[in-house]
Amino acid sequence: MASSISIKSISPYSKYLRRNRNYCLSASAALRGAINFPVKCSSSSSLSCERSCRFGIVRASCTEEVVDDHEFDNVERKVLRVGIICGGPSAERGISLNSARSVLDNLQGDDLHVSCYYIDSNLNAFAISTAQVYSNTPADFDFKLESLAQGFRSLSDFTEHLASSVDIVFPVIHCRFGEDGGIQELLERSNIPFVGTGSTQCQKAFDKYDASMELDRQGFVTVPNFLIQGNETDESGLSKWFEKNLLDIKSGKVVVKPTRAGSSIGVSVAYGVSDSLTKANGVISEGIDDKVLIEIFLEGGSEFTAIVLDVGSGFNCQPVVFLPTEVELQSHGTVDVSEKDAIFNYRRKYLPTRQVAYHTPPRFSMDVISRIREGASLLFQRLGLRDFARIDGWVLPPSTKASTSAGNKFGRTDSGTVIFTDINLISGMEQTSFLFQQASKVGFSHSNILRTIIQHACLRFPDLLSHNIISCPSRRRSKSSSLTEEFIKQHKKVYVIFGGDTSERQVSLMSGTNVWLNLRASDDLEVTPCLLAPAMSYTDFSDSAKQEVDEKFKTVWTLPYSLLLRHTTEEVLDACLEAIEPNRAALTSHLRNQVMDDLTRGLRNHSWFNGFDISDELPKKFSLEQWVKLAKESQATVFIAVHGGIGEDGTLQSLLDAEGVPYTGPGAMASKTCMDKVATSLALQHLTDFGVLTINKDVKKKEDLLKMSISDLWLDLKSKLHCDTLCVKPARDGCSTGVARLCCEGDLAFYVNVLQDCLPRIPPNSLSKAHGMIEMPNPPPELLIFEPFVETDDIVVASKSRNENAHNLLWKGDSRWVEFTVGVVGKRGSMRSLTPSVTVKESGGILSLEEKFQGGTGINLTPPPPSIMSSAALERCKKRIELIANTLQLEGFSRIDAFVHADTGEVLIIEVNTVPGMTPSTVLIHQALSEQPPLYPQQFFRTLLDLASERSM
């Protein structure tokens with residue numbers, strides 16, 4: 001059971017109980033040494049020019065109290081204690097964990113102390129370590145609460161602890177208890193300062209029905225809707241509503257959505273009254289919500305979302321709306337029937353998929369963009385929102401019914417009608433979320449926008465005046481010395497390359513983004529993100545010409561800050577092409593200056609704001625060969641985050657070796673060996689006596705598979721491999737791509753047909769054994785490996801086990817084999833094993849790409865619990881892992897996947913990944929944090945970079 005905390009004394013907090021919460025003060029003048037940071041601006045705008053100057057100290061006042069900034073000049077500045085609260089009871093709990101990781105990564109600094117707290121699905125509160133925030137999934141997270149977290153006996157005890165331990169709370173709970181006013185009301189009752197909107201305003205804005213009624217009262221165009229509550233099934237009333245809105249009662253298209261479940265959960269399309277009621281009752285019966293809204297489907301509309309930031313002082317709310325983002329739903333290839341009415345649902349919002357693209361600024365007319373910004377600002381003020389929010393809506397063409405019936409309500413323009421539909425009080429804060437996408441477009445880095453939001457919230461609390469933090473922490477170094485040429489020369493250049501054209505390219509983008517963000521926190525590094533983009537289709541070339549194509553025809557784009565913050569590599573590439581189109585570039589620059597002028601009018605009154613820190617730059621395109629030469633000329637170190645393809649088969653490493661450019665990870669020969677699973681087995685087969693085993697394999701050419709009889713092939717494979725269940729995988733591709741479990745002749749036939757038809761993926765549960773989506777290599781593999789499927793006993797994570805010794809794990813352990821994954825780090829010949837992780841599958845027999853890399857799915861337990869493996873067996877396993885790494889001549893870092901015998905520590909090798917996943921919650925992060933002392937992401941990636949810089953060429 002988790003240990004229990006009961007805080008009895010709150011003397012340090014007694015001063016807050018005497019505070020008048022309605023006082024408003026400007027922040028004190030703490031940052032006298034702010035430096036110039038030039039941002040491109042129009043000479044015709046004095047405000048634009050002012051943006052490139054140091055923000056002066058301006059005295060601000062309000063009707064309640066006037067405070068001179070100079071009054072606090074000699075006050076000792078205190079470290080601001082920020083409490084991040086994540087989790088919550090909703091289905092967006094996993095996204096909340098991702099947001100908390102991102103906020104934590106970007107709130108590092110000597111002027112801040114961050115504590116982390118977690119609310120579970122039953123509203124139990126826990127104090128957690130910052131290391132625990134990097135757990136992969138809610139299930140993984142909840143499991144670790146039992147041993148690592150400190151639980152509170154009640155929410156009252158929790159708020160007592162907060163009152164004495166933090167100065168201000170930053171809630172990052174999405175949906176229920178986070179955006180519905182729950183956590184806010186809890187904090188308000190104890191007079192605990194927090195970021196964001198108050199409880200009463202949250203309750204009104206979060207409920208979609210209440211918000212719609214309020215928008216209608218405020219004179220905004222709204223979407224016609226019908227409310228269903230609990231068991232009150234008003235079929236007659238719904239039929240009349242259909243008829244009133246000229247919808248066919250049998251087939252009229254509508255959207256069914258919970259009123260209090262966020263912007264994505266439980267949303268679906270329905271046809272007619274009967275289907276609408278069925279889906280509404282489904283939302284209610286599943287416990288998502290007991291109030292369901294049915295809205296007309298907005299045909300022909302374009303969806304948008306806009307971030308709003310309050311830059312005012314005290315009661316002077318001064319909301320500024322950033323450049324809105326247009327959300328474009330797309331289809332590629334064959335469209336499934338279920339996708340023809342696609343909506344921006346949970347999967348499209350939070351997982352990398354080519355089914356959606358974002359355009360910032362939107363491709364709307366200027367009058368529509370202006371109306372969106374004006375309307376979102378008005379909504380922010382009239383609904384009493386605070387600090388920041390995200391407001392979603394639609395733009396409808398002038399010809400639509402909703403547009404023609406809008407009358408004189410706010411939202412009408414000559415080019416269409418703007419309708420606001422969702423108000424998000426705690427916007428997602430993942431690394432590539434809308435908050436950071438739009439903020440970076442107008443000059444804010446991740447850290448700068450988060451610190452600006454926190455500092456603005458502090459203005460409401462007079463006792464926090466002496467806790468000034470720096471809005472641009474990356475420039476703290478310049479307070480004591482100017483940026484001399486010598487200082488600039490000391491910057492080490494780093495190129496982080498990611499992307500490529502394999503099925504793992506989206507994971508590569510996530511890895512590269514995470515590495516880039518963590519490395520750029522180092523003051524002595526100049527880090528440039530680089531997208532490896534394919535130049536043309538492989539189908540135009542023979543196999544022998546593919547490597548030459550890779551070297552001569554592939555392109556690399558060096559990216560400005562804002563263009564990297566996308567969900568897919570295709571979207572990044574499209575954004576690059578869009579950015580260099582002259583008309584589009586001119587429009588973006590014009591709108592950017594408009595927003596920055598609006599921001600400057602408010603932020604110049606706050607002495608704590610240290611300026612914008614992201615300049616307006618354009619992407620640059622190079623051939624792969626040119627880019628390698630550029631890296632050499634710049635004396636840069638290359639951090640390779642390209643999964644599969646040329647990133648792991650030795651091609652990229654050979655090109656860098658030829659020019660003497662240092663890079664992360666193993667060398668060309670080791671990479672080539674490890675990419676080829678057959679070559680890996682051959683290189684390790686002599687280690688059997690040392691407890692390192694390899695799996696029998698049978699290699700087949702794709703062209704032979706397509707010619708052979710499926711029956712004969714199935715019998716031949718079973719006979720050669722002495723098994724009834726097979727595992728098939730490409731001989732030279734990434735760790736999850738094209739890997740499938742074949743249990744019968746029909747599974748083999750299906751897989752061969754996928755190869756023949758060059759399908760990009762195998763849909764979930766297409767084979768006899770349940771499985772998730774299986775991404776296939778692009779181009780299709782020429783060689784495939786068949787091997788026995790190694791049976792392991794399922795490890796089940798019980799939600800609440802009474803057996804404390806089992807640590808909530810249920811494991812029969814009949815076969816004694818478990819699946820491990822472990823990172824190795826170091827120099828060639830002296831690689832060291834990190835603490836292994838035991839892999840827990842959530843579905844099927846093989847982990848999907850999402851289960852391995854995407855926060856919110858998949859479970860890795862680090863270290864393996866003693867109930868599964870003893871410490872002695874674990875140490876024997878680690879020694880064998882190090883033997884494997886050094887035999888393969890690995891260096892820098894890699895990840896080894898293997899089956900391990902729980903008693904003997906023998907290792908049955910699966911594969912070696914020389915460019916493993918480096919996403920925010922990947923297993924390598926867990927293992928680095930298990931080191932003593934723990935290596936946090938910034939330290940860990942810096943260690944890998946330093947190993948690359950020191951490598952011998």
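In this structure, Q626 contributes its side chain and S623 its backbone to a donor-acceptor pair below 3.5 Å. Checking side-chain atoms of S445 against main-chain N and O of D613 turns up no donor-acceptor pair under 3.5 Å. The backbone N or O of Q506 sits nowhere less than 3.5 Å from a side-chain atom of T569 that would complete a donor-acceptor pair. Between the side chain of E430 and the backbone N or O of T432, no donor-acceptor pair lies under 3.5 Å. A donor-acceptor pair under 3.5 Å is absent between the side-chain atoms of R566 and the main chain of E571, judged by distance alone. A distance-only check finds a donor-acceptor pair linking the side chain of S440 to the backbone of F436 [under 3.5 Å].
Salt-bridge check for R363 with E328: passed, with a basic side-chain N closer than 4.0 Å to an acidic carboxylate O. Under 4.0 Å is where a charged nitrogen must lie from a carboxylate oxygen, and between K253 and E299 at least one such pair does. Ion pairing of E526 with R520 is absent here, as no side-chain N (NZ or NE/NH1/NH2) approaches a carboxylate O to less than 4.0 Å.
No side-chain N or O of Q653 forms a donor-acceptor pair with one of E648 less than 3.5 Å apart. Side-chain atoms of S615 and E617 form a donor-acceptor pair, as typed in the model, at a separation below 3.5 Å. Side-chain contact check for T821 and R895: at least one donor-acceptor pair (N or O, by modelled atom type) lies under 3.5 Å. Side-chain contact check for Q431 and N514: at least one donor-acceptor pair (N or O, by modelled atom type) lies under 3.5 Å. Using modelled atom types and a 3.5 Å distance limit, the side chains of S99 and H174 yield a donor-acceptor pair. Remark: the S415 side chain and the S365 side chain contain an N/O donor-acceptor pair separated by less than 3.5 Å.
Taking 4.5 Å as the limit, some side-chain heavy atom of E92 sits within range of a side-chain heavy atom of I265. Between M366 and H590, some side-chain heavy-atom pair lies under the 4.5 Å cut-off. Side-chain contact between V739 and V728: absent, with no pair of heavy atoms (C-beta onward) separated by less than 4.5 Å. When side chains are defined from C-beta on, V308 counts as touching I391, because their heavy atoms get closer than 4.5 Å.
Atom-to-atom distance recorded for C175:SG and I426:CD1 is 10.5 Å, nearest 0.5 angstrom. In this structure, SG in C530 is found 11.5 Å from CD1 in I640, a value given to the nearest 0.5 Å. The distance from atom OG of S433 to atom CG of L565, rounded to the nearest 0.5 Å, is 8.5 Å. The line from CD1 of I646 to CE of M675 is 10.5 Å long, rounded to the nearest 0.5 Å. Taking SG from C674 and CD from E911, the interatomic distance works out to 10.5 Å, rounded to the nearest 0.5 Å. Here CH2 of W627 is found 12.0 Å from OG1 of T555. Values are rounded to the nearest 0.5 Å.
Exactly one residue among Q438, H359, E303, R390 makes a side chain to side chain donor-acceptor pair (under 3.5 Å) with T325. That residue is Q438. If you run side-chain contact (heavy atoms from CB on, under 4.5 Å) between Y134 and each of L97, T922, I925, only I925 comes through. Residue W516 is tested with Y495, Y561, F639, F941 for a ring-ring contact (aromatic ring centres under 6.0 Å, His included); the sole match is Y561.
Evaluation of the ring pair (Phe, Tyr, Trp, His ring centres under 6.0 Å) rule for F304 yields F420 as partners, not counting sequence neighbours. The side-chain contact (heavy atoms from CB on, under 4.5 Å) search around T637 returns P662, L945, A948, S949, not counting sequence neighbours.
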Stepwise side-chain hydrogen bond (donor to acceptor under 3.5 Å, both in side chains) check, H643 with S511: CA-CA 9 Å; H643 302 314; S511 293; 2.9 Å; yes
Full working for side-chain hydrogen bond (donor to acceptor under 3.5 Å, both in side chains) between Y358 and T305: CA-CA 10 Å; Y358 305 110; T305 186; over 6 Å; no
Check the pair L784, Y751 against side chain to side chain contact (heavy atoms under 4.5 Å, CB included), reporting the backbone distance first and the verdict last. CA-CA 11 Å; L784 292 113; Y751 193 92; 3.7 Å; yes
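Between A636 and V494, the shortest heavy-atom distance links the atoms CB-N, 4.5 Å. The two atoms that bring D105 and Q938 nearest to each other are O-NE2, 3.2 Å, heavy atoms only. Among all heavy-atom pairs drawn from F750 and L767, the shortest one is CD2-CD2, 3.8 Å. Between A376 and V321, the closest heavy-atom pair is CB-CG2, 3.7 Å.
At most 12 non-hydrogen atoms from other residues, nucleotides or ligands lie less than 6.0 angstrom from NZ of K493.
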